[in-house]
Amino acid sequence: MTMKTVADLTERLQSLHQRTEETPLFNPVFQLSLDLSRLLESGELTLADCEALISELECDSLAARAERLRGLVSPVTPETNEEVLCAGFAGEDFASFKKRWENPQLHAVFTAHPTFLLSPGQTEAVAKAASSDDEIDDSVCVVSSTRPQITLSYEHSEAMKAIANAQDARDRIVSQMLSHAQREWPEDWADFAPLPFRFASWVGYDMDGRTDITWSNSIGFRLAEKAQRLGRYVARLEAIDPDHPLLRELQPAAAYAADRAHDFAADLSDPAALSVAANRLTANDPRQLLSLKPYIEALDAEAAKTGRERGVKLKTLAAAMRADGLGMGWIHFRVNSKQLHNAIRRRLDPDGTIDLSSKGAIVHLRKAIEQVKPLRSNFAALAIESSTAIRQFLAMAQILQHIDGNAPIRMLIAECEEPATVLAALYFAKLFGIEDKVDVSPLFETENALEHGGRFLDALLAEDIYRDYARKRGRVSIQTGFSDAGRFVGQIPASLAIERLQGRMAKAMEANGLTDVAALIFDTHGESMGRGAHPTSFADRLAWPLSPWSRRRFVRAGIRLEPEVSFQGGDGYLFFATPELALATLTRIAQIRPAETDPDAPTDPFYRRTDLSLDFYRAIRDHQRDHLESRTYSRAITAFGLGMLNTTGSRVSRRQSDLSADREMSLRQIRAIPHNAILQQLGYPVNVIAGIGSAADGNIEDLAAMLRESERGRQLIRLARAANALASVKTVAAYGELFNSAYWASRPYRGTEGHLSVPCGALAEFLIKDDRIGVFRRLASRLRVDALKLHRLLALIPNENPLENRENVRRAIGVCQALRLALFQHMFIRAVSIPVFSRANDISRDDVLEMVFTLRVDEALAQLRRTFPTSFPKIGDFDLAQPTDFPDGGDEGYEAIRREFIDPIDRAHQLSLRITTTIANQFGAHG
């Protein structure tokens with residue numbers, strides 16, 4: 001049997017699938033892995049051969065990734081997108097055109113979520129392939145999959161590249177809008193101030209769950225962004241007129257900002273060093289710009305007088321300044337509610353007598369806000385402050401005072417479940433004199449927050465002091481999260497619960513007389529299905545987190561809506577990786593217009609037939625909760641720890657408070673992105689599709705009829721189908737077989753692999769009491785029962801978006817899984833074949849084996865290299881007069897052990913991580 005090409009493996013897997021007709025329990029994926037393992041252990045297949053197979057699979061997956069990206073934002077050619085945009089302008093009068101485009105259709109936030117899966121070379125290749133209408137071929141394949149160390153600085157630089165492309169694309173769209181207005185309304189066009197999109201970032205400002213971001217990092221990043229943005233304004237104005245008089249002020253301002261950024265990039269731990277940097281920044285200097293308002297007014301006035309093409313260019317630059325201010329965009333700070341609670345207790349309740357969940361706490365905070373007197377602060381106060389939350393407010397105060405005095409700053413509060421938490425943030429904002437520039441935004445993501453979020457908003461918006469603040473800011477801001485929500489209650493129940501919360505927000509704003517301010521809703525979804533990125537179209541991607549039903553609640557109440565979404569990490573930045581992709585992405589958003597909806601649209605049956613839809617939601621939620629609370633699910637998901645995953649960000653994947661090296665990792669220790677990534681790698685996106693079939697059981701025909709007639713229902717099903725098309729219960733079961741003692745005992749039984757008798761016997765004995773085989777089998781059985789019911793439901797609903805080449809994609813993923821399982825078996829066999837060694841550093845040989853079995857391979861290798869060193873002094877290293885006859889044997893030391901066992905484990909593990917990337921590409925995103 002020849003299996004040296006992917007085509008050979010695919011053909012073999014297809015033939016193995018046919019055997020499931022004979023025996024339903026037969027597992028084609030695991031059998032193919034056994035075939036490959038036998039070839040690997042006999043020497044007929046080498047790790048070099050495996051690498052060649054992986055390179056081919058990797059190439060195909062990069063092409064698939066590029067196709068998927070292009071499909072979401074197509075057309076991608078700039079000329080076509082200009083035509084599409086121009087066609088969308090037709091038929092409007094000036095008043096409606098002005099109203100539509102002078103407020104953002106979307107705020108886009110570029111976050112540093114750890115989704116930097118692709119290497120820079122792979123990212124460039126995928127983006128380039130997706131940026132044209134040419135056929136995507138092998139040119140998308142790049143040799144190097146080596147990724148740089150992902151640091152906070154790297155993430156920030158990548159975010160700035162994406163935002164720069166987004167700004168250029170927005171300029172192009174704004175220029176087109178202005179040209180259209182100039183042609184159609186020559187008397188009025190100068191009064192048009194377009195602002196179709198606003199950009200923001202929290203890279204370098206998000207402190208939730210992180211201790212590695214210092215306040216000086218945040219100040220330094222903001223100064224660097226100011227310098228970069230001023231430099232871009234200068235370049236744009238120089239292109240319009242190299243002798244423009246405003247350049248005499250903007251050019252020195254850009255240089256000054258760059259110098260101050262350099263100051264704050266240094267080590268400022270020494271008070272003397274900080275004093276020098278701070279005094280330079282805070283000194284009165286004519287080059288220090290804190291507002292662009294005079295420049296915007298000057299450019300607009302000149303454009304009105306000049307007209308023609310120059311006028312459009314000048315107003316385009318003014319529009320960019322109006323949108324971004326003195327930075328690459330707005331910024332979002334983020335803290336955890338616990339950090340804020342600790343800070344407010346220290347300030348107002350040092351004895352801990354106030355229960356922040358009580359009405360008494362609100363009364364106490366109300367009085368404190370009314371009575372607080374603003375305090376001055378400086379960089380010394382910031383440097384010595386120990387409270388993370390207070391440090392954030394002090395940093396914001398310094399930014400507003402010394403870097404950009406106009407651009408507002410968002411304060412996101414994670415795990416915010418009490419109205420008093422928001423009032424605590426308002427207290428600190430007022431204490432430091434920045435309440436008129438800070439938008440405090442509670443995050444609703446936990447099950448408890450989503451369940452009680454409506455009452456939270458009712459109570460908060462009923463407070464006079466909050467309403468006064470909201471009117472001062474001109475908006476009520478909230479954040480909804482799809483990551484932890486999708487992890488804890490399932491992605492479909494999470495989306496429906498968030499939708500209900502958004503409706504409650506509209507109702508609360510209307511009831512409390514806040515229809516005169518905007519509703520800014522930051523829907524923080526990820527880039528994968530499991531974290532709220534609907535994969536079938538860009539329209540679905542935007543409507544999934546903020547549905548037409550939710551939008552209508554605001555429109556009917558007369559509340560202006562400001563939708564905001566995230567583009568997260570490397571996967572999200574792909575949408576803006578080239579000028580062509582950035583323009584295509586923004587053009588699709590401009591076409592869809594997510595800030596608008598038809599208020600007179602008929603009621604969707606999904607919301608009318610609540611007797612069906614509400615039960616459907618609750619049943620899926622309960623099913624997902626059962627999984628989450630089940631030890632079976634938790635043990636299976638954590639069976640390999642995080643060892644299947646690449647490092648994809650600077651933020652740790654395990655929560656920092658739980659870094660004990662326990663053998664059974666708690667599911668709650670793993671963050672949402674790696675949790676979703678593990679589900680992808682195990683072959684079944686549980687939190688997307690599990691429970692849908694069981695929820696339909698017993699009322700399947702009525703439910704199917706309702707889902708067929710409902711646009712929202714069909715959207716749910718499109719998501720479920722997209723996930724189900726890539727899912728494989730057999731793959732989940734196959735990973736359990738790695739821990740099957742009987743498999744290892746039986747493998748050499750008939751003498752075909754006699755050379756493996758000893759290691760297979762050792763594995764069988766070591767795993768005889770291991771629980772993981774049973775865990776995976778129980779999970780696979782439960783998933784299979786639910787999947788059968790799902791298939792019956794899907795059979796009653798037309799497939800609107802069938803996956804192209806569905807079977808080829810499934811086979812490609814199956815081959816990847818089988819190849820990885822073979823590599824794991826190779827690692828297991830090599831690990832148990834290492835000679836016995838004595839316990840060292842409180843680590844035994846069995847501990848090292850368990851490290852390998854849970855894919856803590858780097859730890860295992862480090863221990864083995866300490867135990868079997870190959871670098872140590874040799875006789876020839878010494879220049880001694882006295883001769884010696886000892887040692888009288890070979891001086892190879894442990895080179896053979898390193899060569900035969902340790903290095904193959906290392907290489908097999910590295911190859912397995914490349915398969916991880918390949919599978920993630922087929923799913924469309926990491927995590």
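- Residues Glu155 and Ser650 bring a donor and an acceptor atom of their side chains to less than 3.5 Å of each other.
- Here the closest heavy-atom approach between residue Val126 and residue Leu574 is recorded as CG1-CD2, 4.4 Å.
- The distance from the SG atom of Cys50 to the CG atom of Leu40 is 5.0 Å, given to the nearest 0.5 Å.
- Here the shortest heavy-atom pairing between Leu117 and Ala920 reads CD2-CB, 3.4 Å.
- In this structure, Val688 and Ala723 approach most closely via the heavy-atom pair CG1-CB, 3.6 Å.
- Put simply, the side chain of Tyr154 reaches to within 4.5 Å of the side chain of Pro148, judged on heavy atoms.
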Could you go through Arg898 and Leu864, starting from their C-alpha distance and side-chain angles, then the distance that decides it, and tell me whether this counts as side-chain contact (heavy atoms from CB on, under 4.5 Å)?
CA-CA 9 Å; Arg898 178 74 63 95; Leu864 289 171; over 6 Å; no
Should Gln910 and Arg907 be marked as a side chain to side chain donor-acceptor pair (under 3.5 Å) after you check the CA-CA gap, both sets of side-chain angles, and the distance that decides it?
CA-CA 5 Å; Gln910 295 306 317; Arg907 189 175 184 190; over 6 Å; no
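- A donor-acceptor contact closer than 3.5 angstrom is absent between the side chains of Ser844 and Asp846.
- Looking at heavy atoms from C-beta onward, Arg635 lies in side-chain contact with Asp771 at the 4.5 angstrom threshold.
- Residues that satisfy the salt bridge (charged side-chain N to carboxylate O under 4.0 Å, His left out) test with Arg65, not counting sequence neighbours, are Asp571.
- To the nearest 0.5 Å, atoms CD (Glu58) and CD (Gln122) are separated by 5.5 Å.
- Listed for the Gln681 side chain is no donor-acceptor partner under 3.5 Å among the backbone atoms of Asn676.
- Sequence neighbours left out, the pairs with a member in residues 728-743 that pass side-chain hydrogen bond (donor to acceptor under 3.5 Å, both in side chains) are Ser728-Thr731, Tyr735-Gln817, Tyr735-Arg820, Glu737-Asn740, Glu737-Arg777, Tyr743-Arg747, Tyr743-Gln825.
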Could you walk me through whether Thr648 and Thr115 pass the side-chain contact (heavy atoms from CB on, under 4.5 Å) check?
CA-CA 5 Å; Thr648 56; Thr115 66; 5.8 Å; no
Test side chain to side chain donor-acceptor pair (under 3.5 Å) applied to Ser483 and Arg671, step by step:
CA-CA 9 Å; Ser483 296; Arg671 294 183 183 273; over 6 Å; no
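- Between Phe776 and Phe640, the ring-plane angle classifies as tilted under the 30° and 60° cut-offs.
- Here the CD-CG distance, from Gln922 to Leu57, works out to 8.5 Å after rounding to the nearest 0.5 Å.
- Partners of Phe853 by ring-ring contact (aromatic ring centres under 6.0 Å, His included), not counting sequence neighbours, listed by chain and number: Phe766, Phe828.
- Distance check: Leu642 CG to Thr854 OG1 gives 10.5 Å after rounding to the nearest 0.5 Å.
- Between the side chain of Ser634 and the backbone N or O of Ser630 there is no donor-acceptor pair closer than 3.5 Å.
- A donor-acceptor pair is defined here as one N or O able to donate and one able to accept, closer than 3.5 Å; no such pair exists between the side chain of Asp847 and the backbone of Ile843.
- Classification of Glu807 and Arg811 as a salt-bridged pair holds, one side-chain N sitting under 4.0 Å from a carboxylate O.
- Distance CE/Met529 to CG/Asn724: 10.0 Å, rounded to 0.5 Å.
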For a salt bridge (charged side-chain N to carboxylate O under 4.0 Å, His left out) check, start with the C-alpha distance between Glu158 and Arg147, then their side-chain angles and the critical distance, and finish with the verdict.
CA-CA 14 Å; Glu158 292 300 299; Arg147 292 174 298 130; over 6 Å; no
Should Leu756 and Trp744 be marked as a side-chain contact (heavy atoms from CB on, under 4.5 Å) after you check the CA-CA gap, both sets of side-chain angles, and the distance that decides it?
CA-CA 10 Å; Leu756 297 182; Trp744 291 109; over 6 Å; no
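- Listed by chain and residue number, Phe837, Tyr894 satisfy the ring-ring contact (aromatic ring centres under 6.0 Å, His included) test with Phe868 (two or more places apart in sequence, or in another chain).
- Applying the 6.0 Å contact sphere to CD of Glu124 captures no more than 12 heavy atoms from other residues, nucleotides or ligands.
- Side-chain N/O atoms of Gln31 and Asp35 include a donor and acceptor closer than 3.5 Å.
- By the neighbour-count criterion of 12 heavy atoms within 6.0 Å, atom CG of Asp138 is sparsely surrounded, having that number or fewer from other residues, nucleotides or ligands.
- Contact between Leu719 and Pro535 at its shortest, heavy atoms only, is CD1-CD, 3.6 Å.
- Between Asn921 and Leu118, the closest side-chain pair of non-hydrogen atoms falls below 4.5 Å.
- For the pair Asp906/Val857, no side-chain contact is recorded, criterion being any heavy-atom separation below 4.5 Å from C-beta on.
- For the pair Tyr684/Leu779, no side-chain contact is recorded, criterion being any heavy-atom separation below 4.5 Å from C-beta on.
- For the residue pair Ser131/Thr578, the side-chain donor-acceptor check at 3.5 Å is satisfied.
- Using a 4.0 Å cut-off between charged nitrogen and carboxylate oxygen, Glu41 and Arg830 count as a salt-bridge pair.
- The local environment of CD in Glu765 is sparse, with at most 12 non-hydrogen atoms from other residues, nucleotides or ligands closer than 6.0 Å.
- Shown here for Arg845 and Ile834, the closest heavy-atom pair between the two residues is NH2-O, 3.0 Å.
- Not a single ring-ring contact (aromatic ring centres under 6.0 Å, His included) links His926 to another residue, sequence neighbours left out.
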Mind running side-chain contact (heavy atoms from CB on, under 4.5 Å) on Ile678 and Val686 for me, showing each step along the way?
CA-CA 10 Å; Ile678 290 169; Val686 176; over 6 Å; no
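- Ion pairing between a basic and an acidic side chain is recognised when a charged N comes within 4.0 Å of a carboxylate O; Arg38 and Glu44 show no such pairing.
- A heavy-atom distance below 4.5 Å is not found between the side chains of His826 and Ser37.
- Nearest heavy atoms, Ala130 versus Leu581: O-CD2, 3.7 Å.
- In this structure the side chain of His113 reaches within 4.5 angstrom of the side chain of Arg531, judged on heavy atoms.
- A salt bridge links Glu67 and Arg70; the closest N-O separation between the charged side-chain nitrogens and carboxylate oxygens is under 4.0 Å.
- Remark: the backbone N or O of Asn808 is not paired with any side-chain donor or acceptor of Asn805 at under 3.5 angstrom.
- Leu47 places none of its side-chain heavy atoms less than 4.5 Å from the side chain of Glu51.
- Ring planes of Tyr573 and Phe116: perpendicular class, angle over 60° (limits at 30 and 60°).
- The salt bridge (Lys or Arg N to Asp or Glu O under 4.0 Å) contacts involving residues 125-135 comprise nothing, where partners must be two or more places apart or lie in separate chains.
- With values rounded to the nearest 0.5 angstrom, Ile768 atom CD1 is found 12.5 Å from Leu763 atom CG.
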